[in-house]
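One structure is given below, encoded as structure tokens.
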Number of protein chains: 2
Amino acid sequence: MGITERKEREKQELKQHILDAAMALFMEQGYEKTSIRNIAERIEYSPGTIYLYFKDKADIFLELHTMAFEVLFKHLAVTKEIKDPMERLRSLSQMYLKFAIDNPDLYDLMFILREPMEALDHHCGWEEGFKNYDLLRDTVLEAMEKGMIKKEDPDVISLAAWSLVHGLASLWIRKRFKMLPEEAVKPLVFKAADEICSRLKEGI
Amino acid sequence: MGITERKEREKQELKQHILDAAMALFMEQGYEKTSIRNIAERIEYSPGTIYLYFKDKADIFLELHTMAFEVLFKHLAVTKEIKDPMERLRSLSQMYLKFAIDNPDLYDLMFILREPMEALDHHCGWEEGFKNYDLLRDTVLEAMEKGMIKKEDPDVISLAAWSLVHGLASLWIRKRFKMLPEEAVKPLVFKAADEICSRLKEGI
DNA sequence: TTGACAAACTGAACACCGTTCAGTAAATTT
DNA sequence: AAATTTACTGAACGGTGTTCAGTTTGTCAA
């Protein structure tokens with residue numbers, strides 16, 4: 001039995017080793033350079049070995065996607081300390097934007113790249129997306145219950161809030177704010193999110 | 001001189017032929033299948049020929065990007081007929097979303113893919129983005145001047161409005177709304193944009 | 001202890017990719 | 001008609017994801 005346990009442990013360790021190498025490559029050199037051959041070279045195995053541990057490259061990126069969501073959730077979870085739901089909403093949106101701008105590769109992995117979702121189609125749900133969405137949705141619901149946001153289907157407002165910050169983040173990451181002066185864009189991005197939070201409150 | 005003019009005309013015609021083939025491939029089979037070899041096969045030339053007309057693949061995608069923006073602009077320009085700026089804003093956002101959802105590949109080309117912007121970095125500006133952004137910004141400015149939207153830097157509100165609909169569109173296209181029931185998502189997307197437009201008005 | 005079998009791994013093959021370029025054919029110029 | 005220029009070819013180069021026949025190592029049963 002010891003042999004079986006040791007082999008299973010070694011298998012999990014090598015799997016995690018592969019993922020750590022993939023993440024390191026991705027963070028250092030971006031998506032293009034995170035190839036199966038480069039990952040294999042980094043862990044000093046042959047490219048074929050990787051297919052003993054993962055179905056395909058999309059499978060690897062789904063795991064990286066999940067790892068990235070854990071980082072994001074930890075980052076955002078500190079907002080749970082904030083009692084005022086409107087203040088928490090504002091803080092959530094500002095921290096979300098800061099995370100996206102500071103970690104464009106991780107953000108890409110979670111919310112823009114197709115590959116993780118291609119692999120996900122073979123699984124049941126998207127727990128990672130759920131957790132982070134619920135953080136937002138619970139805040140919106142509480143603000144409505146306290147009369148701080150005019151009542152409406154919470155999914156409508158939550159989707160709008162998430163889409164606003166996702167839109168700001170992804171247009172920034174994909175360099176689609178070129179029509180504005182470069183040095184003005186970043187503060188504008190944060191201010192836009194802030195201003196809409198303010199107006200959400202005033203619309204009682 | 002006739003020879004020179006004919007040769008120049010033939011050059012432009014082949015260039016457009018290449019672009020039409022690329023666009024057809026892209027619309028039919030997506031980005032992955034729109035390779036230089038596949039484009040070459042479609043126009044019945046060698047892959048090397050394409051490099052006599054375009055610097056590289058990113059250059060081709062920049063042209064496709066521009067072609068896509070012309071389609072979008074035509075689509076949105078009909079809103080100029082609407083006199084009420086708030087009604088125009090609402091219409092702009094709904095039509096933008098409908099366009100994105102009906103044409104996910106064209107949308108990808110304009111607002112998500114990196115490649116066109118990589119080629120663009122060698123050029124001066126992004127006229128395409130400007131034209132469409134100005135349509136929105138002019139509408140927001142007029143609504144402010146008429147007291148329909150509370151006064152603020154128009155770029156703040158314009159960025160927020162654009163980011164909201166871009167966020168809705170791109171999260172939908174990249175399948176990041178999996179935490180919601182599939183049949184509920186589409187109406188929710190349109191409703192979220194509509195609801196925020198309404199609330200922008202109420203925040204006088 | 002040994003042979004049989006299973007597991008783990010290798011690395012080249014396959015079909016694909018973007019880009020370059022030496023060689024060729026056709027068109028143009030002198 | 002010969003020289004030169006232009007347009008094009010298609011293989012080479014270095015890369016990609018994935019598969020698999022062959023090899024090595026580890027485990028198990030006799």
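Quick note on labels: first sequence line is chain A, next is B, and so on, each numbered from 1.
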(message) Run the side-chain contact (heavy atoms from CB on, under 4.5 Å) test against Phe69(A) and tell me which residues pass, sequence neighbours left out.
(response)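 Phe69(A): side-chain contact (heavy atoms from CB on, under 4.5 Å) contacts with His65(A), Leu72(A), Met110(A), Phe111(A), Trp126(A), Glu128(A), Asn132(A).
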(request) Mind checking side-chain contact (heavy atoms from CB on, under 4.5 Å) for Asp56(B) and listing every partner two or more places apart, or none if nothing turns up? (result) Ala58(B), Asp59(B)
(request) Determine: side-chain N/O of Tyr53(A) to OP1/OP2 of dC9(C), distance under 4.0 Å, yes or no. (result) yes
Whole-Å distance between [N] [atom2] and [X] [atom1]?
X: Gln29(A); N: dT16(D); atom1: CD; atom2: C1'; result: 15 Å
X: Ile50(B); N: dT9(D); atom1: CD1; atom2: C1'; result: 13 Å
X: Arg9(B); N: dA7(D); atom1: CZ; atom2: P; result: 14 Å
X: Arg6(A); N: dG26(D); atom1: CZ; atom2: P; result: 9 Å
X: Glu8(B); N: dT28(C); atom1: CD; atom2: P; result: 14 Å
X: Lys57(B); N: dG18(C); atom1: NZ; atom2: P; result: 4 Å
X: Lys55(B); N: dG18(C); atom1: NZ; atom2: P; result: 15 Å
X: Asp56(B); N: dC17(C); atom1: CG; atom2: C1'; result: 14 Å

(message) If the test is side chain to side chain donor-acceptor pair (under 3.5 Å), which one of Arg137(A), Lys83(A), Arg88(A) qualifies with Glu142(A)?
(response)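 It is Arg88(A), the one option of Arg137(A), Lys83(A), Arg88(A) that forms the side chain to side chain donor-acceptor pair (under 3.5 Å) with Glu142(A).
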(message) Is there a side-chain contact between Ile50(A) and Ile60(A) in this structure, where contact means two heavy atoms from C-beta onward sitting under 4.5 Å apart?
(response)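 SC-SC contact between Ile50(A) and Ile60(A) confirmed.
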(request) Determine whether Phe190(B) and Ile101(B) make a side-chain contact, defined as any pair of heavy atoms from C-beta on separated by less than 4.5 Å. (result) yes
(request) Would you jot down, in residue-number order, the residues of residues 36-49 of chain A having a non-hydrogen atom under 4.0 Å from DNA chain D? (result) Ile36(A), Arg37(A), Asn38(A), Gly48(A)
(request) Specify the residues of residues 14-21 of chain A, ordered by number, for which at least one heavy atom lies under 4.0 angstrom from an atom of DNA chain D. (result) none
(message) Measuring from the side chain of Lys7(A) (C-beta onward, heavy atoms only), which nucleotide among dA7(C), dT19(C), dC17(C) has the closest atom?
(response) dA7(C)
(request) Go through dC8(D), dT19(C), dT19(D) for me and flag the one nearest to the Leu52(B) side chain. (result)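 Among the listed nucleotides, the one closest to the side chain of Leu52(B) is dC8(D).
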(request) Could I get the full list of salt bridge (charged side-chain N to carboxylate O under 4.0 Å, His left out) partners for Lys11(A), not counting sequence neighbours? (result) none
Ion pair check, [X] and [Y], cut-off under 4.0 Å:
X: Lys191(B); Y: Glu152(A); answer: yes
X: Glu28(A); Y: Arg42(A); answer: yes
X: Glu10(A); Y: Arg6(A); answer: yes

(request) Considering non-hydrogen atoms only, spot the tightest contact between Gln94(B) and Asp194(B) and give its length. (result)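 Heavy atoms only, the tightest pair is NE2-N, 3.6 Å.
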(request) Specify the closest pair of heavy atoms between Leu109(A) and Ala68(A), including all atoms of both residues, with the distance to one decimal. (result) CD2-CB, 4.4 Å
(message) Just to be sure I understand the rule, does Phe54(A) reach a base, reach only the sugar-phosphate, or reach nothing, if contact means heavy atoms closer than 4.0 Å?
(response)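 Nothing, no heavy atom under 4.0 Å.
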(message) What does the 5'-to-3' dot-bracket notation of DNA chain C look like when only Watson-Crick and G-U wobble pairs under 3.5 Å count, and pairs to other strands show as |?
(response) ||||||||||||||||||||||||||||||
(request) Could you point out which residue of Tyr107(B), Tyr133(B), Tyr96(B) forms a ring pair (Phe, Tyr, Trp, His ring centres under 6.0 Å) with His166(B)? (result) Tyr107(B)
